[in-house]
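In what follows, a single structure is set out as structure tokens and then discussed.
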2 protein chains.
Amino acid sequence: MAAAQRGRAPGGPDWARSGPRDKRPTIEMVAKRAGVSRQTVSNAANAPHRLRPETLQKVLGVIDELGYRPSKAARSLRTRSSQVIGCRLLPSNAGGTGGVLDRLLHALCDAARSKGYDVLTFSVASDDEELEVCDDLLGRSAVDGFVLANTHYGDVRPEWLTAAGAHFVAFGRPWGEANPAHSWVDVDGAAGTSEAVHHLVALGHSRIGCLALPEGSGTGDDRFHGWQRATAALGLPCSTLVARAEDGIRSGKALTEKLLSLPEPPTALVCVSDALAVGAVRALEDRGLVAGRDVSVVGFDDSPVASVLRPRLSSVRQPIEAVAQNLVEVLLAEISGTQRRPSRCLLSPWVVARESSGPALAGATGRTTLVTLPTPDSYRKEQSR
Amino acid sequence: MAAAQRGRAPGGPDWARSGPRDKRPTIEMVAKRAGVSRQTVSNAANAPHRLRPETLQKVLGVIDELGYRPSKAARSLRTRSSQVIGCRLLPSNAGGTGGVLDRLLHALCDAARSKGYDVLTFSVASDDEELEVCDDLLGRSAVDGFVLANTHYGDVRPEWLTAAGAHFVAFGRPWGEANPAHSWVDVDGAAGTSEAVHHLVALGHSRIGCLALPEGSGTGDDRFHGWQRATAALGLPCSTLVARAEDGIRSGKALTEKLLSLPEPPTALVCVSDALAVGAVRALEDRGLVAGRDVSVVGFDDSPVASVLRPRLSSVRQPIEAVAQNLVEVLLAEISGTQRRPSRCLLSPWVVARESSGPALAGATGRTTLVTLPTPDSYRKEQSR
DNA sequence: CTCGCTGATATGAACGATCAAGTCGCCCCC
DNA sequence: GGGGGCGACTTGATCGTTCATATCAGCGAG
């Protein structure tokens with residue numbers, strides 16, 4: 001059995017077992033043992049088609065036997081690329097959108113690794129600090145590019161990074177920028193809330209309210225507009241069923257109480273965040289109502305809490321894995337210089353239907369709306385580029 | 001103004017503004033411009049005491065002027081150290097101990113950066129996969145060492161890493177290993193639950209129950225024993241007030257219902273996780289009881305949910321920042337070879353008192369226990385090594 | 001006066017890979 | 001049969017540092 005194959009064997013690789021720890025096999029050793037030159041070994045790994053099949057076989061055999069792996073530092077020095085992606089570690093406010101960013105980091109690591117890249121993380125308190133760290137990492141050639149999360153109105157980071165000549169891709173549209181000079185990947189929040197509306201309509205609802213954030217937040221407005229467009233397009237009488245406030249469970253509860261007090265209260269609520277949705281469910285509980293039976297609630301982000309809540313929360317789930325894959329692909333294209341013009345990529349989320357959204361009560365709507373629409377199951381299409 | 005100082009200026013560093021992007025200043029350029037040799041420039045950064053003050057001044061001036069920063073790859077190649085720490089990204093099950101591991105990663109990045117190290121993360125599904133990735137990272141000399149989180153009984157990772165000659169520190173004691181050959185840092189869970197008991201006794205409680213995990217989990221047992229020892233030492237009649245089950249909100253609720261049905265139910269509960277504590281609070285709610293008034297509840301981990309819960313949850317908070325600092329310090333010592341024998345470090349958590357723990361009702365306990373103990377405030381001592 | 005020592009700086013040689021030119025057969029075609 | 005072209009490999013140079021050693025001036029001791 002070859003050393004590289006038993007790399008995970010109890011004793012660890014050969015070079016670790018005997019001799020000084022920092023004497024890994026180099027390309028030279030492989031070359032000598034295989035009776036070829038360095039370059040041939042290098043080619044065996046990087047351009048196999050250049051070798052005669054038998055030579056390739058022999059070299060690969062020796063590589064495997066010695067457990068050779070190219071030194072990252074040496075390769076990095078020569079090729080001027082670190083094969084590392086930098087990414088700011090965002091505070092995961094577990095209640096809100098936190099779970100999403102956590103999933104993103106995981107998916108990013110996976111996607112990067114599958115392309116031979118590593119992910120380097122750093123924790124900073126502000127965008128300014130983030131740029132300081134980026135500057136440092138770029139200066140030391142520690143990373144080849146960045147993934148920028150949490151874009152927002154008036155974000156100075158894209159401009160700065162562009163000016164610094166750094167490669168990067170943003171997760172999130174360049175809110176407020178007319179014609180952005182950089183690539184981005186984002187999730188179509190409007191499509192998500194729109195699907196949520198359709199999902200509820202399919203369940204027989206027609207008075208579908210919306211809990212949204214105050215105007216001015218990119219993603220918040222986007223999601224709100226999805227609800228707005230969908231209800232308008234379907235001709236639903238919902239324009240008065242909107243309540244907006246800062247994100248949070250308390251907010252959601254307060255807003256819901258307000259909407260429920262209306263003369264014609266909504267029979268379903270589309271919330272632009274799970275925190276708001278949790279608040280909505282609580283407000284219902286306080287009135288002795290059950291989410292999904294008396295009033296349906298759909299959240300956004302499918303955060304971990306969604307599935308542990310008492311009536312499990314229906315929620316719009318973002319295709320984070322696909323987002324990460326796209327981010328990495330685009331970033332690598334950007335780094336390799338393949339990319340001529342900035343790329344844009346908008347992925348669609350989908351509704352995960354759980355107990356908190358159920359059929360409308362005939363008595364509640366006053367009339368039954370008959371609409372032919374796809375069934376909830378068909379929403380589970382994950383768009384992967 | 002020097003280029004390095006205006007590195008964060010709108011235009012970005014000089015080398016980015018004009019000329020090809022990958023033409024960073026090298027040590028050679030600095031040397032030529034300062035009229036000295038490479039080595040002198042190198043010394044200016046790495047061994048300033050070797051230079052005559054005036055020379056040092058001049059060299060530093062040029063370094064600053066050109067915005068020179070040593071190439072990570074070149075230095076890494078020569079010194080055979082990557083200045084990078086590897087760390088597995090753990091799934092943050094937001095309900096459970098997830099928040100803790102998230103905090104850990106943040107703190108780890110901060111602590112590492114302050115020592116000139118970077119943190120490289122990877123996401124894997126199992127311990128076996130983790131070792132595969134470690135093997136890969138070691139093979140490519142991509143990292144100098146690892147932080148191992150989530151140690152458990154029968155953990156094969158320490159042994160494997162030791163055999164592979166890798167440097168690492170564990171967050172978590174080597175549960176079940178007689179005399180561990182590796183360094184670790186951990187939080188004294190027993191001390192935490194013990195403090196929780198004392199906190200509750202100070203509030204007048206004497207029938208203090210415990211929600212614990214099934215025997216066999218390292219941290220779970222540790223925390224349970226803290227409650228056990230504290231109640232025994234104080235002579236409290238609590239031995240029957242124990243309920244154990246898997247972690248989770250449902251579990252906590254079920255266990256609490258069981259304890260509340262006892263002829264002499266507990267007036268306070270120490271829970272070995274926040275998830276269990278949340279369950280406990282829910283069980284109380286179902287009976288129309290209020291946590292902190294009728295029955296006190298103390299959780300463990302101070303997860304994000306603790307402070308957003310309805311009666312804000314008292315919880316034992318781990319000094320994660322101190323843990324991270326220690327992990328990094330120990331790991332670096334290990335890497336530098338300074339460390340002769342494995343180091344062990346046990347830090348104390350403390351109780352964060354919130355609404356869910358309050359004074360015992362005189363009627364509930366049957367008698368008022370008068371004990372002189374430190375006030376809740378005095379528990380807020382953060383031990384930082 | 002010379003030797004040895006020390007402090008300050010300079011020079012050559014790694015580190016381990018890849019790139020850019022070689023070299024060497026071999027076959028084919030005019 | 002000479003030369004062009006190509007496939008398969010080799011050889012030198014290079015990436016930007018730091019290590020190990022050399023140089024060289026100044027100075028005190030024998």
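Naming convention: chains lettered A, B, ... in sequence-line order (proteins, then strands); numbering from 1 in each chain.
- Of the side-chain N and O atoms in A:Ser37, one or more sit less than 4.0 angstrom from OP1 or OP2 of D:dT10.
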Dump every N/O contact between nucleotides 24-27 of chain C and the protein below 3.5 Å, one line per pair.
none

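- Residues passing the side-chain contact (heavy atoms from CB on, under 4.5 Å) test with B:Ser336, sequence neighbours excluded: B:Thr338.
- Counting to the nearest Å, the P atom of C:dC15 and the CD atom of A:Glu28 are 10 Å from each other.
- Annotation: side-chain contact (heavy atoms from CB on, under 4.5 Å) contacts of B:Ser123 (sequence neighbours excluded): A:His106, A:Cys109, A:Asp110, B:Leu89.
- Within 4.0 Å (heavy atoms only), B:Ser76 reaches no atom of the nucleic acid at all.
- In this structure, A:Ser76 has no side-chain hydrogen bond (donor to acceptor under 3.5 Å, both in side chains) partners at least two apart in sequence or on a different chain.
- Atom-to-atom, NZ of A:Lys72 to P of C:dT18 comes out at 13 Å; the value is rounded to the nearest Å.
- Atom pair B:Ile63:CD1 and D:dG16:P shows a separation of 16 Å (rounding to whole Å applied).
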Tabulated below should be each protein N or O lying under 3.5 Å from an N or O of nucleotides 18-22 of chain D; please produce it.
| residue | atom | partner | partner atom | Å |
| --- | --- | --- | --- | --- |
| D:dT18 | OP1 | B:Asn46 | ND2 | 2.9 |
| D:dT18 | OP1 | B:Arg75 | NE | 3.1 |
| D:dT18 | OP1 | B:Arg75 | NH2 | 2.8 |
| D:dT18 | OP2 | B:Ser42 | OG | 2.7 |
| D:dT18 | O2 | B:Arg78 | NH1 | 2.8 |
| D:dC19 | N4 | B:Gln39 | OE1 | 2.7 |

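- Comparing the end axes of the helix from C:dC1-D:dG30 to C:dC30-D:dG1, each fitted to five base pairs by superposing C1' atoms of four pairs onto the next four, gives an inter-axis angle of 70° (nearest 10 degrees).
- Applying the ring pair (Phe, Tyr, Trp, His ring centres under 6.0 Å) test to A:Phe146 and every residue at least two apart in sequence or in another chain returns nothing.
- Applying the side-chain hydrogen bond (donor to acceptor under 3.5 Å, both in side chains) rule to A:Ser183 yields the partners A:Glu334; only residues at least two apart in sequence or on another chain are considered.
- Shown here are the side-chain hydrogen bond (donor to acceptor under 3.5 Å, both in side chains) partners of B:Arg52, two or more places apart in sequence or in another chain: B:Glu54.
- Atom CG of B:Leu66 is separated from atom C1' of D:dG16 by 15 Å (rounded to the nearest Å).
- The salt bridge (charged side-chain N to carboxylate O under 4.0 Å, His left out) check on A:Glu130 picks up A:Arg88, A:Arg157, with sequence neighbours excluded.
- Remark: B:Ser126 pairs with B:Asp128, B:Glu129 by the side-chain contact (heavy atoms from CB on, under 4.5 Å) rule, at least two apart or across chains.
- Across the protein-nucleic acid pair, B:Leu56 atom CG and C:dA8 atom P stand 11 Å apart, rounded to whole Å.
- Of the candidates D:dC9, C:dT9, C:dG16, the closest approach to any side-chain atom of A:Leu51 belongs to D:dC9.
- Residues satisfying the side-chain hydrogen bond (donor to acceptor under 3.5 Å, both in side chains) test with B:Arg75, not counting sequence neighbours, are B:Asn46.
- Note on A:Arg140 versus B:Asp118: salt bridge recorded, some NZ/NE/NH1/NH2 to OD/OE distance being below 4.0 Å.
- Taking atom NZ of residue A:Lys32 and atom P of nucleotide D:dT10, one finds them 15 Å apart after rounding to whole Å.
- One atom, NE2 of A:His49, and another, P of D:dC6, lie 15 Å apart when rounded to the nearest Å.
- At least one side-chain nitrogen or oxygen of B:Arg80 sits closer than 4.0 Å to the OP1 or OP2 atom of C:dG16.
- Remark: B:Arg69 engages A:Asp135 in a salt bridge, criterion side-chain N to carboxylate O under 4.0 Å.
- Residue B:Arg52 contributes atom CZ, which lies 11 Å from atom C1' of D:dA25 at whole-angstrom precision.
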- Take B:Ser141 and A:Arg24 through the test side-chain hydrogen bond (donor to acceptor under 3.5 Å, both in side chains) and record every step on the way to the result. CA-CA 9 Å; B:Ser141 305; A:Arg24 293 164 159 65; 3.2 Å; yes
